[in-house]
Trainee: 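Dumping the structure here so I can ask a few things about it.
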Amino acid sequence: MRDDAVTGHETAHILLGWYDRHARDLPWRVGPADRARGIRPDPYRVWLSEVMLQQTTVAAVRGYYERFTALWPTVGDLAAADDARVMGEWAGLGYYARARNLLKCARVVAGDLGGRFPDTAEALRDLPGIGPYTAAAIAAIAFDRPETVVDGNVERVMARLFAVETPLPAAKSALRAHAAGLTPKVRPGDYAQAVMDLGATICTPKSPACGICPLRPRCAARATGIAAALPRRSPKTPKPVRRGVVYVARRMDGALLLERRPDSGLLGGMLGWPGSDWGDNPADAPPLEADWRDLPGEVRHTFTHFHLRLAVRAAEVPETSTARRGAFLSAAEFRPSDLPTVMRKVFDLWRDQPSPWGRAET
DNA sequence: AATACGTGGCC
DNA sequence: TGGCCAAGTAT
C-alpha cells in the first residue's frame, strides 16, 4: 500500500514536470506558469470547453470555442441567448444534446445560482450535461479539487502503464482505480490536463511515441512490448444501412422549406429538410404537393450507429405555397451553416444542381 | 448494462 | 474506401 502511494506520487510528479515543459497552448487553458502566479481559469470557460471536448477533438473544438466566447462572454449572456441561435452556432460539432443541455445548464446557473458554477464535483454533477468526467474536470481545473478525471486518454494511459489486458468497457472500474491511485493532492487541474495531454500527444491510440514518453521507465506495457495493443476493446456491433428521402422546396422568392426537428432523438432541436423516416424502405412523404424531381446522386452519411443514404427530391413552388410541415425561411433568415452536417450535405448536393430557373445564380 | 447519440481525421 | 477513434452523457 505504502509503496503504491509513493510510486503514484512520483508518477504524478513526473507528469507535472513534463507538463510544465510541454503544456500545449490552448485557448481555454491557463498554463502552468500563469497558474503558479495565482491566475485562475474562468469556470464558465472551463465548463464550455469541457462540454465541447466531450468525444470531440481539440482541432474541431477550437473555432467553436472562439465563436461561442465572442458571442456569449459570460454564462449570463449564454443563458439569455435564443435557442435557435445557439443550436445554429453548434451546428457541425455533433452530439446536439450537448447544446440543448448547455442552454439548460446555463439557465440554471444564471437563474438559480447567481451566475456562479458550483465548486464541487458532486454539485456540478447535478447540472444538465455534466457527467462524472466533466464534473471532475471542472472541479479540478477551475476549483483546485483533487478529483480523479477519467476520460478516454486516461483510460488508455492507465491500461498501458499497468498493462491491463481486460477489454473495455469491462476494464473501466479497474482503470479508474489505477487513475485514482495516481491523482495528487497538489495541482490537480494541471495534473488532469497533463495526463490528457500525454494521451493526446504521446500515448496515442495507434502508434504511441514511447521513445519520448516521460513515463517509459515505469510503463508495464512498454516493458513487454504490448503498448500499442492496449487498451483492448470488445468487438463492436456492425452498423446497419438505413435509407430515407428528403425534400428541398424552393419558393419563387428564394425561400426554402425547413423544419425544426423534435427536441429529443437524432439531431434533436436542429434545423433540417423535411422528409421520410429513416429505415429499410422509407415511404414517400412530401411536405407539400409539387412537381418533385429526383436529384441525381445521393447523400451518404455515417452516424455513430448506422450508415444513412438519402435520396434528395427538389421542387420549385409558387410564392403562395403553404406546407404541411416546416416553414419557409427567406435567404436572409437561412444560414447553411446552421444545418447539421448531414443536412448541409443535402443542401450542397441541391445547390450544385444545374437548374432551368437559374438557381445557381441566387 | 447496453444503447442512442455526430462528426472529421487518420491510415 | 471504410473502420477506428476522440477531453462522455442520458436513459
Side-chain angles (χ1 to χ4, degrees), chain A residues 24 26-29 45-65 87 90-102 104-105 124-142 147-157 168-170 172-173 176 179 189 191-201 203-208 228-242 261-270 272 278 300-308 339-345:
Chain A
R24 291 182 290 172
L26 301 174
W28 48 84
R29 177 172 285 175
R45 292 180 180 235
V46 175
W47 163 71
L48 179 63
S49 65
E50 289 300 341
V51 172
M52 287 183 166
L53 286 163
Q54 291 167 5
Q55 295 288 284
T56 309
T57 58
V58 165
V61 164
R62 198 182 289 266
Y64 284 85
Y65 175 84
M87 299 310 287
W90 196 276
L93 198 57
Y95 283 139
Y96 298 101
R98 291 185 295 172
R100 302 193 300 272
N101 285 328
L102 195 78
K104 286 184 195 169
C105 182
L124 286 160
R125 182 69 184 74
D126 290 332
L127 292 167
I130 299 185
Y133 162 76
T134 306
I138 297 171
I141 296 169
E147 298 287 342
T148 300
V149 175
V150 184
D151 73 333
N153 289 305
V154 176
E155 288 182 340
R156 184 170 59 256
V157 171
L168 285 169
K172 277 182 179 292
S173 61
R176 164 169 283 282
Y191 172 76
Q193 294 174 92
V195 186
M196 293 191 285
D197 265 22
L198 187 82
T201 62
C203 195
T204 57
K206 298 289 178 58
S207 52
L230 299 181
R232 303 195 197 287
R233 292 179 191 276
S234 301
K236 297 170 175 48
T237 58
K239 298 185 203 312
V241 176
R242 295 186 196 171
R261 296 174 62 87
D263 217 25
S264 64
L266 192 66
L267 308 180
M270 299 301 291
W278 298 345
R300 290 191 181 206
H301 192 76
T302 298
F303 293 100
T304 309
H305 51 298
F306 66 94
H307 301 288
L308 178 64
L339 295 173
T341 299
V342 63
M343 298 297 175
R344 180 65 180 271
K345 288 182 181 177

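The analysis underlying the following values was restricted to heavy atoms, covering all of them including side chains, and did not include hydrogens, waters or symmetry mates. Every chain is numbered from 1 and lettered A, B, ... according to where its sequence line falls, protein lines coming before strand lines. Please read all numbers here as calculations on a predicted model, not as lab measurements.
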Trainee: Could you pick out which residue, A:Pro128 or A:Val58, lies toward the 5' side of DNA chain C when each is mapped onto its nearest nucleotide?
Mentor: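 Its nearest nucleotide being more 5', the pick is A:Val58.
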
Trainee: Please report, rounded to the nearest Å, how far the C1' atom of B:dG6 is from the CG atom of A:Leu267.
Mentor: 8 Å

Trainee: Does A:Tyr95 place a side-chain N or O at less than 4.0 Å from the phosphate oxygens OP1/OP2 of C:dA6?
Mentor: no

Trainee: Could you pick out which residue, A:Phe306 or A:Pro169, lies toward the 5' side of DNA chain B when each is mapped onto its nearest nucleotide?
Mentor: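 Looking at DNA chain B, the more 5' nearest nucleotide goes with A:Pro169.
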
Trainee: From NZ of A:Lys172 over to C1' of C:dT9, roughly how many Å is that when rounded to an integer?
Mentor: 11 Å

Trainee: C:dG8, C:dA6, B:dT7: which one has an atom nearest the side-chain heavy atoms of A:Thr341?
Mentor: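 The listed nucleotide nearest to A:Thr341's side chain is B:dT7.
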
Trainee: Between A:Arg242 and B:dA4, is there a side-chain N or O to OP1/OP2 distance below 4.0 Å?
Mentor: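 No.
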
Trainee: Give the nucleotide from the list B:dG6, B:dT7, C:dT9 with an atom nearest to the side chain of A:Pro132.
Mentor: C:dT9

Trainee: What nucleic acid atoms does A:Arg100 come within less than 4.0 Å of, heavy atoms only: base, sugar-phosphate, or nothing?
Mentor: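 Answer is nothing: A:Arg100 stays at 4.0 Å or more from every strand.
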
Trainee: Tell me whether the OP1 or OP2 atom of C:dA6 has a side-chain N or O from A:Arg156 closer than 4.0 Å.
Mentor: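 Answer yes for this pair, as a side-chain N or O of A:Arg156 is under 4.0 Å from OP1 or OP2.
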
Trainee: Need one value for A:Gly268: base, sugar-phosphate or nothing, where a base atom within 4.0 Å counts as base even if backbone is also close, heavy atoms only.
Mentor: nothing

Trainee: Looking across every strand, which nucleic acid part, if any, lies under 4.0 Å from A:Leu93 by heavy atom: base, sugar-phosphate, or nothing?
Mentor: base

Trainee: Need one value for A:Arg24: base, sugar-phosphate or nothing, where a base atom within 4.0 Å counts as base even if backbone is also close, heavy atoms only.
Mentor: base

Trainee: Describe the nucleic acid contact of A:Leu26 in one word from base, sugar-phosphate, nothing, applying a heavy-atom distance below 4.0 Å.
Mentor: base

Trainee: Give a yes or no answer on whether the side chain of A:Arg29 reaches the backbone of A:Arg24 with a donor-acceptor pair at less than 3.5 Å.
Mentor: yes

Trainee: Output yes when a side-chain donor or acceptor of A:Trp90 lies under 3.5 Å from a complementary backbone atom of A:Gly94, and no otherwise.
Mentor: yes

Trainee: At 4.0 Å (heavy atoms only), tell me whether A:Gly265 reaches a base, stays on the sugar-phosphate, or touches nothing.
Mentor: sugar-phosphate

Trainee: What is the separation between atom CZ on A:Phe303 and atom P on C:dG3, rounded to the nearest whole Å?
Mentor: 16 Å

Trainee: Is there a side-chain polar atom (N or O) of A:Gln55 under 4.0 Å from OP1 or OP2 of C:dA6?
Mentor: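 Answer is no, no contact under 4.0 Å.
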
Trainee: Measure distances between side-chain N and O atoms of A:Thr302 and base N and O atoms of C:dG3, and say whether any donor-acceptor pair falls under 3.5 Å.
Mentor: no

Trainee: At what distance, to the nearest 0.5 angstrom, does CD of A:Gln54 lie from OG1 of A:Thr134?
Mentor: 4.0 Å

Trainee: Atom CD1 of A:Ile141 and atom CD of A:Glu50: how far apart are they, to the nearest 0.5 Å?
Mentor: 4.5 Å

Trainee: Report yes if at least one side-chain N or O of A:Thr57 is closer than 4.0 Å to OP1 or OP2 of B:dG9; otherwise report no.
Mentor: no

Trainee: Salt bridge check: are A:Asp151 and A:Arg156 linked by an N-O gap of less than 4.0 Å?
Mentor: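 The answer is no: the pair does not qualify as a salt bridge.
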
Trainee: When you measure only distances, ignoring hydrogens and angles, does the side chain of A:Tyr133 come within 3.5 Å of the base of C:dG8 through a donor and an acceptor?
Mentor: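 Per atom types, no contact qualifies.
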
Trainee: Go nucleotide by nucleotide along DNA chain C from the 5' end; which of A:Gly199 and A:His307 gets its closest nucleotide reached first?
Mentor: A:His307

Trainee: Is the gap between the ring centers of A:Trp28 and A:Tyr65 under 6.0 Å?
Mentor: yes

Trainee: Once hydrogens and angles are ignored, does a donor-acceptor distance under 3.5 Å link the base of B:dG6 to the side chain of A:Thr304?
Mentor: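 Indeed there is one.
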
Trainee: Among C:dC5, B:dG6, C:dG8, which nucleotide sits nearest the side chain of A:Lys206?
Mentor: C:dC5

Trainee: If you look at every strand shown and take non-hydrogen atoms under 4.0 Å, does A:Lys236 touch a base, only sugar-phosphate, or nothing?
Mentor: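 If one applies the 4.0 Å heavy-atom cut-off, A:Lys236 turns out to touch the sugar-phosphate alone, with no base involved.
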
Trainee: Between A:Phe303 and A:His301, what is the ring plane arrangement, given parallel below 30°, perpendicular above 60°, and tilted in between?
Mentor: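 Ring orientation of A:Phe303 relative to A:His301: perpendicular.
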
Trainee: Using the P atom in both, what is the distance from B:dG6 to C:dT11, to the nearest Å?
Mentor: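 Here B:dG6 and C:dT11 have their P atoms 14 Å from each other.
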
Trainee: Within the structure, does a side-chain N or O atom of A:His305 lie under 4.0 Å from either OP1 or OP2 of B:dA4?
Mentor: no

Trainee: A:Asp126 has an atom CG; how far is it from atom C1' of C:dT9, in whole Å?
Mentor: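 Roughly 14 Å, once rounded to whole Å.
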
